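One structure below.
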There are 2 protein chains.
Amino acid sequence: MITMKELAKKLDVSVSTVSKALSDSPEISPSTIKKIKEIAKLYNYKPNQAALNLKNSETKTIGVIIPDILNPFFAKVLHGIEEEASNLGYNIITSLSNETQQKEEQSIELLSNGSVDGFILSVAEETQLTKNSDHFKACLSNNLPLVMFDRVAEDISCDKIIIDDYKAAYEATEFLISKQRKHILLISTIDNLSVGKMRVKGYLDAIKNHSQKNHILTIDKKEAHHKILEYLISNTNIDGILAIDNSSGVKGINIATALGKKVPKDISVIGFANESIACYSIPKLSTVNQHAEDIGKKSVNLMVERLKNKDSKTDPKTIVVPIKIEERSST
Amino acid sequence: MITMKELAKKLDVSVSTVSKALSDSPEISPSTIKKIKEIAKLYNYKPNQAALNLKNSETKTIGVIIPDILNPFFAKVLHGIEEEASNLGYNIITSLSNETQQKEEQSIELLSNGSVDGFILSVAEETQLTKNSDHFKACLSNNLPLVMFDRVAEDISCDKIIIDDYKAAYEATEFLISKQRKHILLISTIDNLSVGKMRVKGYLDAIKNHSQKNHILTIDKKEAHHKILEYLISNTNIDGILAIDNSSGVKGINIATALGKKVPKDISVIGFANESIACYSIPKLSTVNQHAEDIGKKSVNLMVERLKNKDSKTDPKTIVVPIKIEERSST
DNA sequence: CTGTTAGCGCGTTCAT
DNA sequence: ATGAACGCGCTAACAG
C-alpha cells in the first residue's frame, strides 16, 4: 500500500499538497492536481483506513451480533443488513452469539474499543432467560448506539425493530378459522423467547374470541418430528396447525401427509417461515412472512441516522414492521 | 473512551509510563504499575483499536466473502470461520457477493485499504462463469493473502480448502449401487459451478465402471419441483437419486412419496446436504456431509498461519477435507 | 525507574 | 499556490 508520503517524494512536492490535491482543494493548481491524481492512480493509491479511523474517530463499521446464522430468518436479516450497509458505505463486523450470553457479552466487549461505531443485534436466547442486560447498558454509556431487532430487551432504551408478533399470530389463527378449521394446534419450539410468548398470546386470544378450544404443543427442536407425530396420532381431530417457529410447519405437513391425511383438505398448515423453507413440503407451506430483509435494512437505516446525529439526543424509536400472510396450497 | 493521555494526567505521570505499566514492563516500579492499573480499570480503559491498527499496520480482521448466506452450507462455513477467528483473536468483516462478480470485486476493492489483513472467500457463481480473476490477482499483488474454499479459481495460486468432489460423488454413487439400485438419477442445480462439474464426473465414472446407464437431470433451482416431478413421472424405472446440490434431495424424497413410491424401498435418495435440511423429508435424507464448519475453521487456520509468516514466502497449500456419507433412513 | 521524542498515515490549520 | 507543523492514540527507542 503506497502512502501519500511516498507519492509526495516521487513528485517532489509536500505531503499536504498531495492530500489537498486528492480532495480537489481549490488551493492547488489544476495542473498539479492532475499530475498528482495521475500518479496516484498509477500506483493504485488508497487512503489508509486505519489512519482515517484514528483521525475521524469513526470506523464506518457496524457490529452485528446474530444469535443463529443457520436460522433462515436471521440469515435473511443479515442479508438485508449487509446490503443496506454496503449501499450506505458501511462495513459490518459479524459476530455469532450462538444463543449464549457469554459470547454476546464477549463480542460487545471486544468490539467496544473503536472497532465499530455501533451495534445491531438480536438478543440471544440465554440472555432473554437471564434478563441480564448490563452489557447493553455498558454499550450505551460507552456512547455506542444500539439497534435491536426481533428479540429485544424491554428494559433497554434504544432503537428497536420488531414485528407485531401478537397481531401476526392472531391474524394467522383467524386465517385458519376462516378456512373452517375447528381444532387448531399451535406448535412452538420457541416458548422461552419473548416473540414466542407474544405469538402464543395472539393465538390464544383469537381462539377465545372465536369460542374455540386451544391446543398447544410445546417441544424441543431436536425431538420435533417424534413429538408432532405422536400428538397427531393421539389427537385425530386436529384440522389446522399454526407453527410459530420456522421449521415446525414444514415438518407438520410432511408428518400429516405420512399419516395419510390430505393437506389442506383434512388439515391446514401455516408457519412463521419463508419461501426458502416453505418449499420443502408438498404442498408448500403457507407462511407469515416477517419481511426479514426489510428488518435488516431498516435496522441499518436507524443506526446510520443515529450515527449522523450523534450529539442531538433524539428519543429512541421502535418501528413495527408489518407482516404478510402468504397463502400457498397448504391452507 | 478514555485515553492514556487522560489517565496520565490524572496521575501526573507521562503517557509512556502509563503505556509501559499497562503492559507490565519491568521498567516500571510495581507500585506505580498497581496504581496505574487500578485507575485504568476504574475508568474502564481500553486501548483504541484504530490507533493500534495504524501503529502495527495490521487489523486482526479477516475479510470474508460469501456467495449466498441462505445456502446452509455457506452459513455453516461462516459459523466455523467466525468461531475459529474469534478463538484466535480475529474479527471478521463479512461481505455477501450474492453470486455476482460485481459485488465480489467491489468488496475486495473496498476492503483492500487496510481494513482487513486478508480474505477468505468462495468464488461467486458469475465469476466462475466469466473466469475473470483480476481482482484476486490485485489482492495478492497488494500483499493481502487469499484463502479460497469450496469454489476456487484454478488460475490463482493461493491457499485453498476443498472437498474431493469427484471422489465424493463417486462414492455416493457406489453407495447407491451397493443398495442394488440399477437406475440412478443425478439431479443438479449447480452444473455451472466447478464443484458441480466434478461431482457429475464422479457420478459418471462410477456409473460407467459398474456398467450402468446414466440419467442426468439438470435444472434451475426455481423450477426444481416441477421438473423433478415431471421427470419421475416419465421415467418410472428410476430407483435411486443422487442430488449434488443441497436442496434437491429433500425435494426428491417428498415428490417420490407424493407419487406413491416408498422411500427407500422403491427409491433410494442421497444428497449433498446436512442435518439442517435433511430433516425436512420423511424419511430423512441421507447425505454426503461436507463438514462445512471444518472447512471454515481450516480456512481461518491457513489464513492466520500465513499472516504470521508474512515475509517467508511459503508455497500455497491446498487442503482436501474428507467427506463422510451419513446414511439415514432414505437409503 | 521515569520522561522525552519520534513516527505510524492522514487532514487541517497556519505560514509563506 | 505550496509547505511546515500539529494531533488523532499508541508504542518503542533513547535519555536521564
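Throughout, a chain's letter reflects where its sequence line sits, starting with A, and its residues are numbered from 1. Everything quoted here is computed from the prediction, not taken from an experiment.
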Donor-acceptor contact below 3.5 Å, side chain T100(B) vs main chain S97(B): yes
Side chain to side chain donor-acceptor pair (under 3.5 Å) pairs, two or more places apart, involving residues 127-140 of chain A: Q101(A)-T130(A), E104(A)-T127(A), E104(A)-H135(A), Q128(A)-S194(A), S133(A)-D155(A)
All pairs passing salt bridge (charged side-chain N to carboxylate O under 4.0 Å, His left out) where residues 15-35 of chain B contributes a residue, at least two apart: K20(B)-E27(B), D24(B)-K37(B), K34(B)-E38(B)
Axis deviation across the helix from dC1(C)-dG16(D) to dT16(C)-dA1(D), five-pair ends, to the nearest 10°: 60°
For residues 144-154 of chain B, tabulate all N or O donor-acceptor pairs below 3.5 Å that involve a side-chain atom, not counting sequence neighbours.
residue: R151(B); atom: NH1; partner: E99(B); partner atom: OE1; Å: 2.8
residue: R151(B); atom: NH1; partner: V123(B); partner atom: O; Å: 3.0
residue: R151(B); atom: NH2; partner: E99(B); partner atom: OE2; Å: 3.0

Touch class at under 4.0 angstrom, heavy-atom based, for P30(A) against every strand present: nothing
Residues within residues 40-57 of chain B bordering DNA chain C, heavy-atom distance below 4.0 Å: L54(B), K55(B)
Partner set under side-chain hydrogen bond (donor to acceptor under 3.5 Å, both in side chains) for S29(A), not counting sequence neighbours: S31(A), T32(A)
What protein N or O atoms touch nucleotides 13-16 of chain D N or O atoms at under 3.5 angstrom, if any, and at what distances?
residue: dA13(D); atom: N6; partner: K20(B); partner atom: NZ; Å: 3.4

Donor-acceptor pair between S86(A) and E83(A) side chains, under 3.5 angstrom: no
Touch class at under 4.0 angstrom, heavy-atom based, for V13(A) against every strand present: sugar-phosphate
Euclidean distance, atom CG of residue L22(A) to atom P of dT2(D) [Å, nearest integer]: 14 Å
Results of side chain to side chain contact (heavy atoms under 4.5 Å, CB included) for S14(A) - residues two or more places apart only: S16(A), T17(A)
Touch class at under 4.0 angstrom, heavy-atom based, for S23(B) against every strand present: nothing
Whole-Å distance separating the CE atom of M4(A) from the P atom of dT2(D): 16 Å
Set of side-chain hydrogen bond (donor to acceptor under 3.5 Å, both in side chains) partners for E125(A), sequence neighbours left out: N192(A)
Short side-chain to backbone donor-acceptor contact, D12(B) and A8(B), under 3.5 Å: no
Main-chain N/O of V15(B) paired with S19(B) side-chain donor or acceptor, under 3.5 Å: no
Integer-rounded Å distance: dA1(D) P and I36(A) CD1: 13 Å
Inter- and intrachain pairs under side chain to side chain donor-acceptor pair (under 3.5 Å), touching residues 58-69 of chain B, at least two apart: T59(B)-D117(B)
Backbone of V77(B) reached by a side-chain donor or acceptor of E293(B) within 3.5 Å: no
Summary of side chain to side chain donor-acceptor pair (under 3.5 Å) pairs that have at least one residue in residues 44-54 of chain A, sequence neighbours excluded: Q49(A)-N113(B)
Outermost nucleotides of DNA chain C that come under 4.0 Å of a non-hydrogen atom of chain B: dC1(C) to dG9(C)
Atom-to-atom span, NZ of K34(A) to P of dA1(D) - whole angstrom: 17 Å
Any T17(A) side-chain nitrogen or oxygen under 4.0 Å from OP1 or OP2 of dT2(D): no
